[in-house]
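As the structure is a prediction and not an experimental result, all values here were calculated from the model. Worth knowing before you read on, the calculation uses all heavy atoms, side chains too, and leaves out hydrogens, waters and symmetry mates. Sequence lines set the chain letters: A, B, ... in the order given, protein chains first and strands last, and positions in each chain run from 1.
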Amino acid sequence: MNPDDHVCLCFRVSQRKLVNFMERERPRVASQLSECLGAGTGCQWCVPFLRKLHAQWERGEVPQLTVAPAEYAARRSQYRSSGIRPDPAPSEIDASAPSDVAVETESQYHSGRESMPGRTDPSQPVRVPLTQLRRGQRAIVDCSELTDLPEGDRCLLHAMGMHHECEVRVCRPGTPCIVQIDNTRLGISGDVARKIFVTPIADSPGSSGAPETRA
Amino acid sequence: MTSGTTVPGAGGRDGIPRIAVLGNPNTGKTTLFNRLCGMRARTANFPGSTVEGRIGTHRAPDGRAELQLVDLPGTYSLTIDMPEARVCRDCLSGSLDGIEPNAMLVVVDATNLRRNLQFAAQVLLHRHPAVVALNMWDVARTRTSRVDPAELARRLGCPVVPVSGRSGEGVAALDVALDTVTTLPFESDALIARLQKLPPAEATPAALAAWSANVVRAATTETAAIDEDHGALIDRIDAALTHPLLGIGVFLAIMAALFAAIFLVASVPMDLIDFLFGRVADGVRAALPNGIIADLLADGVLRGIGGVLVFLPQICLLFFLVSLLEDSGYLARAAFAVDRVMRRFGLSGLSFVPLLSSHACALPGIMSTRLIRDDRERLATILVAPFMSCSARLPVYVLLIGILSIGKPAWFAGVAFAGCYALGAAAGLFSALIARRTILRGPARALVLELPPYRRPSIRNAALVTWDRANVFIRNAGTTILAISIVMWWLSAFPRVNGDAHAQQAGSFAGQIGDALQPVFAPLGFDSQLTVGVMTSFMAREVFVSTMGVLAGAGSGADVSDQGVLEQVATMARTDGTPVFNTATSAAALVFFVLAMQCLPTLAVTRRETGSWKWPALQLGWMTIVAYGAAFITYTVVCMATGVH
């Protein structure tokens with residue numbers, strides 16, 4: 001991966017930005033990398049890679065991922081459609097990185113193999129853009145984050161029933177994103193849906209891998 | 001063609017209570033309104049706004065009370081900055097001239113109470129007696145959660161009547177409730193009691209939602225459980241219909257089927273109308289002594305009206321089928337399917353609805369662009385809306401395609417018809433792209449739309465919409481077009497020239513005007529008669545057919561007067577005896593009519609909506625250039641291909 005390749009594809013955070021962030025902010029744990037433009041807070045595919053970068057930096061090495069960007073992106077989409085992390089190439093995850101318990105418990109992240117987006121610890125809610133849920137998944141909307149949207153869109157969404165902390169079910173992920181609130185279905189174009197942040201509900205049928213999403 | 005009349009200042013007859021009907025979109029408000037008023041309703045533009053609504057009268061079955069109902073546009077909130085919300089606000093506060101309501105009927109969807117009650121709360125804060133209609137009760141009853149209307153009434157402080165606009169269930173009870181609130185004095189105690197139950201006007205969206213959730217919890221006996229299997233099936237259908245490829249494919253297939261149906265089904269009543277008007281004109285001619293009066297009635301009036309009314313079946317069918325599509329819940333999905341395509345042209349799925357309605361008439365289309373929240377995108381949509389093939393072009397298409405497809409296989413007309421629509425749409429989209437790249441730069445705005453549930457469309461609703469639109473069309477045919485027809489007859493019948501019909505035509509005012517302007521249109525292959533037709537259709541393009549009908553009537557003499565209008569026009573001859581409509585000329589005229597800006601009302605509405613003469617001038621200039629250029633190319637190409645000239 002080159003310095004300008006994106007490590008966090010959800011929020012387009014490049015490796016260079018992450019390295020600069022570590023040099024400047026000197027994060028004590030890997031989870032603090034989320035403060036660098038929200039890296040790792042989207043689909044969470046990149047979390048193990050962020051951890052590797054952080055470990056390399058802590059050891060005084062030049063933080064560098066060896067995986068090819070195309071393969072990286074392909075495996076991420078596989079992960080996102082199946083919810084299962086494809087087995088990493090040996091070089092990819094740093095074996096020497098300490099599997100430090102501190103990171104595991106302190107962090108809002110979960111190790112890739114154990115977690116799938118949506119199946120999160122309810123005590124540690126993870127907010128993701130609406131577009132990144134899977135079909136059938138349920139989530140709680142966080143309207144405090146709608147400030148990115150133009151006033152008109154925001155008022156319309158409120159009036160259409162999308163208020164703070166309402167529950168949505170994703171009927172069609174992606175663009176357009178179709179969600180159901182109560183008995184209303186709303187079609188939301190991707191530009192808006194990307195700016196709506198939600199907390200997936202842990203035990204929703206979609207997140208536990210309902211058959212339809214696996215098919 | 002205007003889409004409606006303005007609400008009269010004083011409203012209906014004195015002493016009739018007026019009830020404002022309000023509700024969220026997709027609550028079945030219009031279905032309920034139709035159930036109450038039926039055919040006793042008309043479309044109206046509210047004063048000082050371009051939003052359409054309907055006004056109707058309702059009489060209880062026992063004839064006891066007569067009410068005037070004002071169907072206000074559906075809106076999600078009274079406080080948002082959208083034209084629909086503004087009209088509702090103004091109406092309730094009494095500042096909408098002439099339709100100050102005495103009472104309010106709030107229509108809520110019983111299957112979607114939580115959101116609907118938020119709107120109801122905003123409405124109920126206004127100081128009018130109110131009734132809440134718990135609509136879609138027939139569906140809600142089958143759900144696992146049961147709503148208790150009595151408890152809801154207690155919580156809202158006004159009567160709540162479960163009804164079903166579709167089945168008519170509960171309408172009798174609604175009659176009684178409306179009668180009660182409009183006849184009994186509205187006591188301030190009742191209003192104060194109601195206001196105390198409601199969240200204050202300045203409540204935040206979250207507080208309003210919390211209040212609503214609380215009321216729903218109190219008034220329902222079980223929590224709503226969404227039918228998962230059913231939901232999953234609809235998810236799949238939604239995903240397919242909004243799919244970038246499949247969705248567009250389905251959309252194109254549905255549109256093709258729509259136009260095929262219009263073309264095939266409408267031909268029977270069209271032939272009938274054509275035949276009947278021909279017969280009546282003959283009868284008039286036979287009954288009256290030969291002379292100016294008989295000529296005026298038979299050639300000016302009857303042929304003029306007949307030439308326009310003949311297209312009523314197609315217009316009715318178009319509105320009927322589009323209304324069915326809208327009612328079925330498909331159109332909202334189609335907007336998302338085409339959103340991606342529209343985006344390439346700098347527009348969004350929001351522009352899709354105005355552009356689609358412009359296929360009926362550009363006026364309501366341009367008016368509905370107020371839904372577009374981005375100014376530049378809205379201007380671009382207004383600019384290109386008249387490119388869409390409106391129903392006024394239909395008569396011209398039918399005439400010219402009818403002429404072009406003589407001796408061609410049956411599918412030719414269908415393809416040519418679809419081609420006209422495609423050409424108009426393509427010219428519009430490319431013009432929008434050019435505008436968005438030059439004078440109206442900016443990103444396309446995002447689309448947020450409710451996707452109403454799929455349901456069996458209501459034939460009754462569609463029939464009423466059709467009736468309404470047909471009325472508007474006939475009113476126009478009966479006034480503007482008739483007037484222009486008579487003027488055209490006069491221009492072609494005077495000054496009286498001795499000699500045969502051709503001499504009369506050449507010597508008449510119409511012939512003189514045609515001769516004077518003909519050089520301009522000569523490169524398109526238009527002769528002087530066709531030039532007259534094009535010039536008269538500048539103000540309203542549908543006049544073209546009646547003008548040609550009148551010119552043909554005057555030009556061909558009495559020996560062919562038993563022919564239908566279409567046939568008569570098709571066989572019109574030039575002064576040298578060759579047909580006016582040869583293949584190249586017909587094709588060029590068709591292309592010209594697809595693209596030309598020939599509608600005075602549209603220019604006026606564009607001026608009103610944009611607040612400047614700059615935009616209508618640009619519209620007129622650009623469309624004329626495009627139409628003339630494309631018609632010239634068509635004429636040249638067809639001439640070369642057919643070896644004529």
Side-chain angles (χ1 to χ4, degrees), chain A residues 130-131 133-138 141-144 146 148-196 204-206 210-213 215, chain B residues 24-26 75-82 85 109 111-116 118-119 122 143 204-210 212-213 216 224 226 228 231-232 234-236 238-239 242-244 329 332-333 335-337 339-340 343 348-349 373-374 443-453:
Chain A
L130 190 53
T131 38
L133 299 185
R134 278 171 295 127
R135 184 153 60 132
Q137 203 171 353
R138 289 168 190 279
V141 175
D142 185 354
C143 278
S144 58
L146 287 186
D148 281 355
L149 289 177
E151 169 90 14
D153 287 344
R154 197 165 64 233
C155 293
L156 184 64
L157 280 172
H158 284 319
M160 286 174 125
M162 186 175 277
H163 51 81
H164 189 51
E165 299 200 328
C166 73
E167 184 182 325
V168 297
R169 187 179 73 88
V170 173
C171 308
R172 182 199 194 278
T175 303
C177 185
I178 300 177
V179 297
Q180 186 168 355
I181 303 172
D182 284 348
N183 279 317
T184 308
R185 272 163 194 261
L186 297 185
I188 303 171
S189 85
D191 305 358
V192 171
R194 262 190 286 280
K195 291 174 186 159
I196 299 173
S204 74
E212 59 177 68
T213 59
Chain B
N24 276 176
N26 305 309
T75 176
Y76 290 104
S77 162
L78 283 183
T79 52
I80 48 177
D81 185 28
M82 286 173 97
D109 176 358
T111 63
N112 204 348
L113 267 186
R114 225 175 335 163
R115 190 189 71 197
N116 278 260
Q118 295 176 38
F119 177 73
Q122 292 183 329
R143 297 281 165 96
T204 62
L208 198 58
S212 165
V216 172
I226 299 158
E228 289 293 341
I234 294 186
D235 288 355
R236 276 158 198 273
D238 278 353
T242 55
H243 189 271
R333 275 84 180 175
F336 277 101
D339 186 46
R340 280 165 225 266
R343 225 151 252 284
S348 75
R373 294 186 288 275
D374 183 89
R445 278 288 289 276
L447 190 61
V448 179
L449 276 185
E450 180 179 353
L451 304 179

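Scanning all heavy atoms of the two residues, the minimum distance from A/R185 to B/R333 falls at CD-NH2, 4.1 Å. The nearest pair of heavy atoms linking A/S189 to B/R343 is OG-NH2, 4.3 Å. Looking at every heavy atom in both residues, B/Y76 comes nearest to A/L156 through CD1-CD1, 4.1 Å.
Between A/R135 and B/D235 there is no salt bridge, since none of the side-chain N atoms of the basic residue sits less than 4.0 Å from a carboxylate O of the acidic one.
Contact annotation for A/L186: both backbone and side-chain heavy atoms come within less than 4.5 Å of a heavy atom of chain B. In this structure, the portion of B/Q118 lying under 4.5 Å from any heavy atom of chain A is its side chain and not its backbone.
Taking CD1 of A/I178 as the start and CD1 of B/I234 as the end, the distance is 11.0 Å to the nearest 0.5 Å. With rounding to the nearest 0.5 Å, the separation of CZ in B/R115 from CD1 in A/I181 is 8.5 Å.
B/R114 is linked by a side chain to side chain contact (heavy atoms under 4.5 Å, CB included) to A/D182, B/S212, B/A213, B/V216, counting only residues two or more places apart in sequence or in another chain. For B/T75, the side chain to side chain contact (heavy atoms under 4.5 Å, CB included) test picks out B/I80, B/E84, B/A85, B/C88, B/F119, with sequence neighbours left out.
Looking only at heavy-atom pairs under 4.5 Å with chain B, the residue among A/G187, A/G161, A/C171 that has the most is A/G187.
Only one option out of B/D339, B/L449, B/T242, B/D238 pairs with A/P176 in a side-chain contact (heavy atoms from CB on, under 4.5 Å); it is B/T242.
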